[in-house]
Amino acid sequence: MKNPLYDTLFAPHRDENKAFIHDPITGYSLSYKDFIANSSKMAAALQEAGLKPGDCLATQVGKSVASLNLYAACIQAGVVYLPLNTGYTANELDYFVGDSEAKLLVADPEKSAELNNVTTKHGAQLLTLSSDGTHGTLIDAVSACTSSCEPVERNADDLAAFLYTSGTTGRSKGAMLTQNNLLSNSETLVSLWQFSPNDILLHALPVFHTHGLFVALNVILRAQASLILESGFNVDRMLERLPHATTLMGVPTFYTRLLSDERFNKTLTKNMRLFVSGSAPLLAETHREFEARTGHRILERYGMTETNMNTSNPYHGDRRAGTVGMALPGVELKVTDVQTGELVPNGEIGVLEVRGPNVFKGYWNMPEKTAEELRDNGFFITGDLATIDEDGYVTIVGRNKDLIISGGYNIYPKEIEDVLNDQPGVLESAVIGVPHKDFGETAVGVLVATESRIDLDAIQSAIEEKLARFKHPKKLVVVNELPRNTMGKVQKNVLRDEYRHLFT
Ligand code: MLC
Ligand code: AMP
């Protein structure tokens with residue numbers, strides 16, 4: 001194969017008139033043929049803009065058909081695709097564009113003034129694409145482009161994408177994903193979850209993370225199935241479209257939001273064959289409530305940015321609530337002692353390690369970080385605490401990393417503490433995750449003040465400027481001192497206990 005990922009997901013060898021995207025309510029429909037042709041034109045425009053194979057293209061745009069064209073175009077042109085959360089501030093973008101050494105940033109026209117400074121600073125070009133994908137200088141460049149693009153030759157081990165994932169040090173790391181990482185995982189999931197051209201996936205996840213992009217989208221492309229493309233999760237729109245879909249992939253918040261709407265019932269899900277949940281723990285209670293309401297047992301799976309998907313509950317067989325199922329075919333798992341790295345006895349808690357074709361190549365420009373987390377023998381240390389039972393079912397019991405997962409988005413406390421600690425009047429801070437009825441978990445900032453008066457509004461404004469909205473603590477509280485153990489380490493568990501009922 002010339003370009004394995006392109007040839008498998010996009011090459012026009014399929015039923016060309018089949019709908020790739022369609023909306024059962026408005027009647028909008030886009031065939032695979034047209035989608036691939038438009039992507040190909042965009043690939044040619046990227047080449048005309050000077051992008052070479054192996055260059056990185058960063059993009060922060062709304063979810064639209066054109067944003068999917070851009071992904072396909074990068075794969076076709078051999079360009080490393082770096083999608084970024086639309087919530088990131090210009091301050092955050094500055095880091096990503098600089099660190100990734102992106103040659104081109106595609107962003108919303110409304111942000112072009114502030115992002116122009118960022119791209120100029122880092123010697124990158126800036127093109128724009130509106131959130132609905134209909135206009136912007138990228139679209140102009142595609143219209144003006146007269147050349148065509150042959151799919152660029154790539155090896156399975158060449159980089160296809162960078163996805164940034166935050167770290168406990170507060171500095172985000174670019175996970176380098178190869179063509180084969182993405183390809184192997186999509187093939188495994190299509191087969192395991194029995195996707196076929198008859199499937200219609202109701203797609204409401206963002207397309208800048210593993211779940212919405214590499215799980216949902218790649219699986220549909222690999223299976224030559226269809227998408228109903230939603231720009232976000234809106235309950236009314238979901239309820240309207242569910243009867244026309246066969247599958248849904250979501251974070252637990254999708255399922256709790258559907259369940260909290262009394263219109264959601266068995267009739268609406270009668271054409272559905274599969275509901276998949278992941279990215280955050282699905283409460284066993286949600287699993288049971290969902291089955292009682294719809295007759296469907298949600299299939300929970302577990303993955304990471306660095307590894308794509310690692311485990312899944314079975315398609316046929318027992319989908320056990322509270323577990324994330326078994327290792328995917330071709331993926332090896334082991335549970336090791338946090339300190340020694342030695343295997344722990346069966347059934348005991350340890351840190352989960354993963355090896356397989358799904359595991360990334362390392363962190364971009366961070367050899368030391370890579371060496372800390374990716375062993376020489378190929379096992380990646382996930383930082384998740386887990387047990388594996390005698391049937392091979394994995395249960396995630398906690399995290400050996402200071403991480404909050406809010407509505408499926410990761411929030412690393414250190415990044416927020418760094419911002420809080422810089423604010424006038426703040427002596428020190430601790431950011432903790434507490435249960436939240438909608439997001440599962442959310443961030444709370446606990447502050448110690450240097451003076452008796454502290455301006456929390458000013459602190460909120462400072463956070464707003466620096467960090468994406470989903471990372472903002474949903475509450476700031478001021479205390480006299482932080483609880484510490486005898487080693488002087490902040491006891492976040494004590495704080496979590498104290499504030500656990502703030503949002504439930
Ligand atoms: C939105 N807000 C959030 C938030 N999402 N705050 C904390 N956590 C979140 N996840 C903020 C908004 O900015 C807004 O702030 C307020 O909360 C209410 O927003 P909303 O309108 O209710 O949110 P909504 O737009 O409906 O989004 C909620 C959501 C979304 C759950 C649909 O967060 C989402 O799509 N999450 C999916 C994330 C995902 O794809 N994760 C996969 C990672 S890959 P304000 O202040 O303006 O009111 C991975 C690997 C794997 O983990 O295994 O899959
Ligand atoms: P990310 O770095 O955004 O890819 O998030 C990966 C993390 O999400 C994992 O390390 C887990 O902590 C968590 N995660 C993903 N899927 C699940 C799941 N089904 N249950 C519990 N945690 C999950």
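Computed from a prediction, not measured in an experiment: that's the story for all the values here. Both counts, for ligands and for their atoms, begin at 1 and track the order of listing.
Here the protein heavy atom with the shortest distance to atom 13 (C) of ligand 2 is Ile405 CD1, 3.4 Å. Nearest protein heavy-atom neighbour of atom 21 (C) of ligand 2: Pro281 N, 3.5 Å. Scanning the protein heavy atoms around atom 12 (O) of ligand 2, the nearest turns out to be Asp384 OD1, 2.6 Å. The single protein non-hydrogen atom nearest to atom 20 (N) of ligand 2 is Glu300 OE2, 3.4 Å, given as residue, atom name and distance. Nearest non-hydrogen protein atom to atom 16 (N) of ligand 2 is Ser279 N, 3.1 Å. For atom 1 (P) of ligand 2, the closest non-hydrogen atom on the protein side is Asn410 ND2, 3.1 Å.
Arg320 pairs in a side-chain hydrogen bond (donor to acceptor under 3.5 Å, both in side chains) with only one of the listed residues (Asp391, Thr395, Asn313), which is Asp391.
Neither the backbone nor the side chain of Glu306 comes within 4.0 Å of ligand 1, counting heavy atoms alone. Counting heavy atoms under 4.0 Å from ligand 2, residue Ala280 touches it through the backbone alone. At a 4.0 Å heavy-atom cut-off, ligand 1 touches Phe439 through the side chain alone.
A side-chain N or O of Asp99 and one of Tyr164 form a donor-acceptor pair less than 3.5 Å apart. Between the side chains of Tyr255 and Glu289, no donor-acceptor pair is found at a separation under 3.5 Å. Counted by atom type alone, Trp193 and Thr247 present zero donor-acceptor pairs between their side chains at under 3.5 Å. Counted by atom type alone, Asn218 and Ser186 present zero donor-acceptor pairs between their side chains at under 3.5 Å.
Ligand 1 lies less than 4.0 angstrom from a heavy atom belonging to Leu205. The closest approach between any non-hydrogen atom of Gly212 and ligand 1 is not below 4.0 Å. Not a single heavy atom of His472 lies less than 4.0 angstrom from ligand 1. Distances from ligand 2 to the non-hydrogen atoms of Arg301 include at least one value under 4.0 Å.
In Lys475, the NZ atom is not crowded: 12 or fewer heavy atoms of neighbouring residues, nucleotides or ligands sit closer than 6.0 Å.
Considering backbone and side-chain atoms together, Thr382 places no N or O closer than 3.5 Å to any N or O of ligand 2.
Residue pairs meeting the side-chain hydrogen bond (donor to acceptor under 3.5 Å, both in side chains) criterion with at least one partner in residues 346-355, sequence neighbours excluded, are Glu332-Arg355, Thr336-Glu353, Glu353-Arg375.
Annotation for Asp402 and Pro413: closest pair O-CD, 3.0 Å, computed over non-hydrogen atoms.
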Could you tabulate the donor-acceptor pairs under 3.5 Å formed by side-chain atoms of residues 227-242, not counting sequence neighbours?
{"residue": "Glu230", "atom": "OE1", "partner": "Arg237", "partner atom": "NE", "Å": "2.6"}
{"residue": "Glu230", "atom": "OE2", "partner": "Arg237", "partner atom": "NH2", "Å": "3.0"}
{"residue": "Glu230", "atom": "OE2", "partner": "Arg241", "partner atom": "NE", "Å": "3.2"}
{"residue": "Asn234", "atom": "OD1", "partner": "Asp236", "partner atom": "N", "Å": "3.1"}
{"residue": "Asn234", "atom": "OD1", "partner": "Arg237", "partner atom": "N", "Å": "3.0"}
{"residue": "Asp236", "atom": "OD1", "partner": "Arg263", "partner atom": "NH1", "Å": "3.3"}
{"residue": "Asp236", "atom": "OD1", "partner": "Arg263", "partner atom": "NH2", "Å": "2.6"}
{"residue": "Arg241", "atom": "NE", "partner": "Asp23", "partner atom": "OD1", "Å": "3.1"}
{"residue": "Arg241", "atom": "NH1", "partner": "Arg237", "partner atom": "O", "Å": "3.4"}
{"residue": "Arg241", "atom": "NH2", "partner": "Asp23", "partner atom": "OD2", "Å": "3.1"}

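Taking each of Glu441, Lys471, Arg469 in turn, the one with a heavy atom nearest to atom 47 (O) of ligand 1 proves to be Arg469.
When distances from atom 29 (C) of ligand 1 to the protein are checked, no heavy atom turns up under 4.0 Å.
Less than 4.0 angstrom separates some heavy atom of Lys401 from each of these atoms of ligand 2: 10 (O).
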List the steps, then state whether side chain to side chain donor-acceptor pair (under 3.5 Å) holds for Tyr302 with Asp384. CA-CA 11 Å; Tyr302 155 80; Asp384 288 308; 2.7 Å; yes
